[in-house]
Amino acid sequence: MAKNLVEVHNIKKYFPIHKGLLNRVVGNVKAVDDVSLSIREGETFGLVGESGCGKSTLGRVILRLQGATEGSVKIDGRDIHALSHRELNKMREDMQIIFQDPFGSLNPRFLVKDVIGEPLKIHTKMSAKEIDERVVELMKLVGLDPTRRNRYPHEFSGGQRQRIGIARAIALKPKFIVADEAVSALDVSVQSQVINLLMKLQKEMGLTFLFIAHGLNVVRHISDRVGVMYLGKMVEVGETEALYANPLHPYTAALLSAIPKPSPTKKRNRIVLQGDVPSPANPPTGCRFHTRCPFAQEKCSQVEPKLEEILPGRQVACHFPVGVEGGSDLSTLETK
Amino acid sequence: MAEKLLEVRNLTTGFLTDKGFVKATDRISVSIEKGKTLCLVGESGSGKSVTSLSIMRLIDYAGGIILEGNINFKGQDLAAKKQEELKEIRGNKISMIFQDPMSALNPVFTVGDQIAESLSLHQNKSKDEAWKEAIELLRMVGIPSPEIRAKQYPNQLSGGMCQRVVIAIALAAKPELLIADEPTTALDVTVQAQILELLQDLKEKLGTSILLITHDMGVAAEMADHIAVMYAGAIVEQGTVEEIFSNPSHPYTVGLLQSIPGFEGERGGELYTIKGTIPALGNLPQGCRFNPRCPHVMDKCRQVEPGDIKIGSEHFTKCWLYEDKEKAAAALGKGESIHG
Amino acid sequence: MTEYLIRRILQSILVLFLISLVTFGLIHAAPGGPTQMMISPGMSPAAAQVQMHNLGLDKSIPEQYWIWIKNLLTGDLGKTFKNNIPVGDILWPTMKNTFVLMSFSWVISMIIAIPWGIYNSTKPYGISDQTANFVSYVGFAMPAFWFGIILQQVFSLQLNWLPLSDMYAMDKQGNFINLLYHLILPCTVLILANLAAYSKYSRSSMLEVLEQDYIRTARAKGVPERKVIFRHALRNALIPIITVLGMELPTLVVGATLTESVFNWPGMGRLFVDMARAREYSVLMAIALVTAVVVVLGNLIADILYKLVDPRVQLGRKGGKSA
Amino acid sequence: VGCGDSKTVDAPKDEPKKEEAAKTDDKPAESGEPKQGGTLTVGTFSDIVSVNPIFVQDTASGDAEQFLYAKLFDYDKEGNVVAEPWSLAAEPMKISEDGLTYEIKLKDNLKWSDGQPITADDVKFTLETIMNPETGSPAISNFDKVSKIEVADAQNLKITMKQVYAPFKYSLAAEIAPQHVLKDIKVTEMQKNSYGTDPAKTVTSGPWKWTEWKQKEYLKFDANPDYWGPKPNISTVVYKIYADQNTEVQALIKGDIDLVSGVPVTQLDAVKKIDSINVASLPGPQYEFVGLNRKPENFKDKFVPWEGQKTRQAMAYAVNRQGMVDNVLKGVGQLMNAPFMPNSWADPGDAAVNYQFDPEKAKQLLAEEGWKAGSDGILVKDGHRFSFELQYNSGNSRREQVSLVMQQNFKDVGIEMIPKAIDFAAWNEQNLTPGKFNAILLGWSLNSPDPDGESTFSSKFFAPTGQNMVFYKNDKLDKLWEEGTKVVDQEKRKEVYKEIATEISTDLPYIFLYQYGTPQAHSKKIKFNEEDAPISNLAYGEFFHVIKWWMGDAK
Amino acid sequence: MSDMNAMSAPNVQQSVEPQVPENTPLPPSDKPPGPWKTVWTKFRKNGFAMTGLVVLFLFILISVLAPWIAPYKPDRIDLMIANLAPGTGNHLLGTDEVGRDIFSRLVYSSRISLFIGFSVAAITVIIGSIIGAVSGYFGGWTDTIFMRIVDVMNSIPTLFLNILVMAIFGTKISYMIMILAFTSWTGVARLVRGNFLQLREMQYVEAAKAIGVSSWGIIFRHLMRNASFPIIVNATLMVGGAILSESGLSYLGLGIQAPATSWGLMLSNSQEFMLTNPMQAVYPGLCILIVVLAVSFIGDGIRDALDPRQKNSRGRLAKWRKSFSKSGI
Ligand SMILES: Nc1ncnc2c1ncn2[C@@H]1O[C@H](COP(=O)(O)OP(=O)(O)OP(=O)(O)O)[C@@H](O)[C@H]1O
Ligand SMILES: Nc1ncnc2c1ncn2[C@@H]1O[C@H](COP(=O)(O)OP(=O)(O)OP(=O)(O)O)[C@@H](O)[C@H]1O
Ligand SMILES: [Mg+2]
Ligand SMILES: [Mg+2]
């Protein structure tokens, strides 16, 4: 088995809520609350969950684009959060991020070649001409027409912009890339182009991905392993196929069932959850999912379940995992 | 064939821009039967919203112009009416739900007020009655403790609840047609499931026809009776939901369906892609508007725009391939026959 | 809400405190400062000493500041150096006069500008809108005092229709009709300037609101257009207008200075100019502070009104997915 | 008088000589039957400070006093000190042979506005308070030669001088303050007291009493029903305050006000065109000059360019004074060669050197002093360029124009003059009082008709304590000035002042420019008999005999 | 995102796949118009804005070339030719009370008025945008402190402060520029701060952080460019504002002092001659009006060029529609 490139230990990220006369901290938005995970070299780790559950925050904390409240992140054996600013800057060559918003992630006042060339300018001593050459090379690599490098991002379509963002991210040949909803904003017909590109690059460059998305089908397609988050907690981690075929956590099960499948004939049984996701500022006690869980029992509201490996390669944080001896049974639910 | 509630014929709507007139919809013809759901699918910018706004004649306020075409709603041509005459129909016979529920509600009125307004506008209800009924409506769309919620402002509700309120407003006057423009896109998957569920329920209970706009083929598959696929302002294919999914005909529809990664089977392989991107509306290619991206492009495609070609009882496609069915079958590599 | 109020008030007090520091500091930083001013040429050093002592000018600056503030808090604004008249006696009447001028022109500008702006927002780029646009350009670009002078020449000296200056005719002090008569010209000057800004604000605020989704919802509901504008849009549009008007207060308070000079209006702005020339520091400090109080108060009120009108901000947090 | 455009000289005084009454340009005055009632509205552009006679210093307050207070003595048309029916004194003062004692007798029916009698004690109190240095009265120098004041009875008092001082009698044309109101107030506190600023508390002695003061707007004086003297015709006087002279004049034209005592010459033509307005344009008791600083510290490299007498004379020749009078003053002025009013008894006539505009002469004199043209055309001597800054107060268009004319004149003879306008208050504070400048363009106005100018020109009175702010020192003149006040006989004094005139006009501490005027304009509604017409070259002459005026529109 | 729509979106369709021979190291690249060019293209079509630009340019030219344009020295006095009527002698607009050529004075006045206008705007923009950028970007205490200062500044009426400073410290042009800039930077600071508050949330900021760009690099290289258009619009308006402020102060006698000259000073002086020669007040007033109008036209022109929204009146649409149906398309 390949070694772990990224190791996340007990990461917490709280955003203080200020209130009152003295602007005192009266509470915290627990965006990420005690999450651990590891990503192996060369693999794609998919992260799914509903909006606001802390996926992006986790991604950012892993790259130390945001400080962690607690916990450590090791990339290639080095504790990112313990590095000095200079060391961190050096480290940035090895870790990169690709963003969701094809409009927002490129500075509209930078020429494409400046966007792609900026990391080179900062981290290498290349001459302007060398940078230009490299930019051309990168543009070809991601499938962009290099003759258009002196244009502004707004002249490119969403998919092309996403390619520019990818070119920027791979400019320094990083080892690890966080792709935060890298394809979510794209139309289906373009989305597949970008997915193909990412997978091609991964193969060619031996990249390791943390692939954040809420499109479960895309995550399934691209990821080797998948983690499911709910309200700042990692509730389930597992090999992709196993997890999709046989979700252990009731939330994962509900999530998977809630997704409309593009085939009218195979109408699936859907678990419709009640209510909305609670506020991360004021999460429920015990298991955070218990307020919406169809299988919730007394214990769930009191004791917080730990993420434990209950099957080989399958971790779940649930007192009564689905389809397991003594656990919850989906077939008891009234489904549609 | 069931009775047609709405019949749109040759609707062309556009905008006057710096670069001249741009047609956002180009001779669109769709129809909705009583009690059925028509899904309009297509990628961003293909003109779905413009179509819906045109039907409501709200496009006038967005700076658009209906250039030609009829919008027949129960024998009246909405396209030919004056704005003042439409208030009888809007919100009463046809109502609408928009994409972003949070911004679709007026932030300075309580949600109860906003529902009640709809009631008093169209049903001459007294204030009290309207309020009572508003609470009933809230209950109907599944909002817990509606008495309390009715007195709250939109910002005090979650996105899912807001969307329910918007639906309640739309249903207040018991419309015959409900137009829903991407009603779940802004919502979480689990909440989306709730809303779709609700729409299905209501449709069954009230017998309302629905024009559902979405770009999610999954949603369309789940909700639709009929589907119309839009590409760059034109409807390139339409038919029943079964026909579209089991027998997609237009190369665009085919590509669209194939490029979605599936939930079963092979992972990690290369996905099918449609090369290139949607052309800008002001800059459509000559001939078939899909021709630069089409894997089966022929000379004719580059010169003459295809019209609707009937390939099933209710299945139409705009593709020259279907002029000649064999050729189509060969090109698409499909063994099955094509309805004719 | 109460908490917010208290916090806002505390903030305002802090701002006022800082303003008092700035004003006091500036005046004491002046070459010569108030000290020099008080010693008439030819006064013997001993007499000067007495004078300084009498006026408390021999104390250290912080001490003087402390005394000034202490007196302020008891409502004592100090006395003029020159003739020892309580500053309040001079200040309050002029303030009242300025208030009369300002409020008249302000109210009239709003009465004209807001409906006009709203009307224009419903017919953007129409004739009325273009006119408003033109008026606003000219209103901004024309030096107000120049406009005033020209009005005086035309309507007062040439045509002899309207009074040239002052607040009342000498023999009609306190007569309201006479006041109105005297208000016409200066108000015209001020209105032109305000009108421009206000109608622009209302127009753009309204236009912005009219583009919002909830207006589309209202129309989709079948709400008649008039109701869309007056019920659904207006309330939302008024919120930013209120804020802007609150923020406009400083301009408003001072806006009259030049106009007052031109029309010999016995107001605070004119007083300030006179007193700056005469270096009546206590009056200057008082005016600056009083104006600041008005401004801060105006902002505070605008803020509170804002909170009252807009339920979105009533509960503190902005609309989030979970309340 | 310290009103923001000129600095006051409290010129000490002696016997006046004949002065011509102002002639109005239009038909001066009409005789006729005085009417009772009516309102006289007077315009001004500055508010009063305090009307307390002990502290009055500025023109506005001085003007107000003319209505509110009776003086001990008044001036007649010729500027003689006399006892009029409205003066407090019952008869002319008696001056002893040796010139050391003055006896004054008051009328016996005098009453304050609160009904209290006005007695010799009030006079003694007022003068002694002024003389007390702790009071801080600006009039202190008028009485600094008094040794004692004795009250004989309620109507009689005697003033004894320390030395003979000829100008003293003019000091007795003074307003008196009420002892019964002010006696309990510490002199150091007196200026702060509301007497003089609060109409209700200001007990006065004149034909009108003070009924209202709206700060910065107007003052109102109503005829005092209990006035002890001859009743005034006009029942109300309003003293209206404007933001500036322009507004004031426009108000005059519009008819809002009846009298403006200082019409800017620039607006004279416009005002003259108005039918309903009379304009009197004779110069007043004031003159303008260029003061040449002599203190080396005020110059670059401590080089005073005009240290040489011929240089100063050359500068005087270089300046086109007549041109200024004709064009800038529009004729409302008269050339001056020495600090004595033309047409006054001290007018030296030809004894003073008259520097006729003569650039050639100027150049010649400069050459004689060793000035040579430099590369840029500006004269140079010993490596120093002849360049100086001329300061004047901003907002005074007359001085601005005059300075510009001079700049041109000086340039024509190779002198660089840089005009610099400064706000008056700052100027006074930072330059005039301490005497820090190269040269100034300033005017003196003379409050009394006496020619004494010791405090301005004697080296005993250097700035900052004195008014000799150009640091001019001339031993001969120092002596002569002193001599001038020590003689009581007017003929002898005249000789002294003639000598002074010759010396001062030769040595030139100042370049004397001209006597100038602030033309008075009044509405034809104001009526008076010829003998009561306003006089321009007497301080407060614009209200001369105002008690006898009447308003044509009175009902 | 909306401002991206402002940029023309030309055909995004062009060849997506690279079709360049593999071994040419640097393929040629097309140079499309940048954002400035795009704005300029739109700006150029705006008649008012272009007129404003031409007028302003003319005035700048006049002020630069004043010694060549003005027939006389502005302070040249000739009492013999005082108060000439327009057109007499060689005096286009006549002379004033001391025989100075009014036209020449107007010409020279443009120097000071424009100098003050532009320098105040420049200083204001520099101070304001740095402060605004820093407090908007860093937030927290920095922001709190700066914003309190802004509050204080905004609560002190600007004109009062100007008057106070000019009256107390003296009427030097440098003081005037400083005090005008000092009292007007808050507007820019607020604007830039608001902008930065939005901009700093943009994903490209995070992207820049992720590749190791320093905070200052982000502020000045990335964000300042994006905030530049609104800043420019604001600066344009500020030029007008400063010119007006100068005239106001000069009118009160607390501004420019003779022998220097500015339109405000000319106006102030002319007041005395309103009765005899009112045109003396009209000329400088008109100059101010025209220049400030020109400047605001330019500012609004830039704003409009940046505004993605269409300026379609219903009337225009209806007209268009009519012509459309007539031509029978
Ligand atoms: N800077 C911040 N300050 C305060 N709260 C924050 C901040 N950033 C994120 N949060 C909160 O933390 C929680 C997690 O946010 P995050 O962006 O990580 O969610 P996400 O899973 O990426 O959601 P999405 O799918 O919408 O991108 C949310 O409730 C969000 O409101
Ligand atoms: N007010 C307008 N002015 C000019 N063009 C417009 C306007 N509104 C829409 N369009 C254009 O019309 C086209 C169709 O837009 P429409 O909103 O109908 O797309 P859509 O299919 O609803 O896309 P989405 O899925 O993003 O909502 C787009 O190219 C859009 O740019
Ligand atoms: Mg996210
Ligand atoms: Mg849409």
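Among Val295(E), Asp300(E), Leu254(E), Leu161(E), the residue with the largest count of heavy-atom pairs under 4.5 Å with chain C is Asp300(E). When each of Val291(E), Leu267(E), Val152(E) is checked for heavy-atom pairs under 4.5 Å with chain C, Val152(E) comes out on top. When each of Met275(C), Gln11(C), Met142(C) is scored by its heavy-atom pairs under 4.5 Å with chain E, the top score falls to Gln11(C). Chain E forms more heavy-atom pairs under 4.5 Å with one residue of Ile150(C), Val273(C), Ile149(C) than with any other, namely Ile149(C).
Contact annotation for Ile288(E): both backbone and side-chain heavy atoms come within less than 4.5 Å of a heavy atom of chain C. Contacts between Leu289(C) and chain E at a heavy-atom distance below 4.5 Å are absent for every atom of the residue. Looking at Phe140(C), the atoms closer than 4.5 Å to chain E (heavy atoms on both sides) sit in the backbone and in the side chain alike. Both the backbone and the side chain of Phe297(E) have a heavy atom closer than 4.5 Å to some heavy atom of chain C. Looking at Leu284(C), the atoms closer than 4.5 Å to chain E (heavy atoms on both sides) all sit in the side chain, from C-beta outward. Only the side chain of Val165(E) comes within less than 4.5 Å of a heavy atom in chain C; its backbone stays farther off. Contact of Val262(C) with chain E is made through backbone and side chain together, with heavy-atom distances under 4.5 Å.
The distance from atom CG of Leu18(C) to atom CE of Met153(E), rounded to the nearest 0.5 Å, is 12.0 Å. To the nearest 0.5 angstrom, Asp151(E) atom CG is 8.0 Å from Asn299(C) atom CG.
Counting heavy atoms from C-beta outward, Phe272(C) and Leu164(E) have side chains that approach closer than 4.5 Å.
Counting heavy atoms of neighbouring residues, nucleotides and ligands inside a 6.0 Å radius, atom CD1 of Ile127(C) does not exceed 12 of them. Heavy atoms from other residues, nucleotides or ligands lying under 6.0 Å from CZ of Phe182(E) number 12 at most.
Screening residues 16-27 of chain C for side chain to side chain donor-acceptor pair (under 3.5 Å), with sequence neighbours left out, gives Ser20(C)-Tyr65(C).
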Audit row: Thr257(C), Phe160(E), side chain to side chain contact (heavy atoms under 4.5 Å, CB included) steps and yes/no: CA-CA 9 Å; Thr257(C) 301; Phe160(E) 281 1; 3.4 Å; yes
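The minimum heavy-atom distance linking Val138(C) with Leu293(E) is given by the pair N-CD2, 4.3 Å.
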Can I get a per-line list of side-chain donor-acceptor pairs under 3.5 Å for residues 239-253 of chain E, giving both atom names and the distance, sequence neighbours left out?
{"unit_1": "Ser245(E)", "atom_1": "OG", "unit_2": "Gly241(E)", "atom_2": "O", "d": "3.0"}
{"unit_1": "Glu246(E)", "atom_1": "OE2", "unit_2": "Ser250(E)", "atom_2": "OG", "d": "2.7"}
{"unit_1": "Glu246(E)", "atom_1": "OE2", "unit_2": "Ser262(E)", "atom_2": "OG", "d": "2.5"}
{"unit_1": "Ser247(E)", "atom_1": "OG", "unit_2": "Leu244(E)", "atom_2": "O", "d": "2.7"}
{"unit_1": "Ser250(E)", "atom_1": "OG", "unit_2": "Glu246(E)", "atom_2": "O", "d": "3.1"}
{"unit_1": "Ser250(E)", "atom_1": "OG", "unit_2": "Ile256(E)", "atom_2": "N", "d": "3.1"}
{"unit_1": "Tyr251(E)", "atom_1": "OH", "unit_2": "Gln271(E)", "atom_2": "OE1", "d": "3.4"}

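Side chain of Trp146(C) to main chain of Ala281(E): a donor-acceptor pair is present (N/O by atom type, distance under 3.5 Å, no hydrogens or angles).
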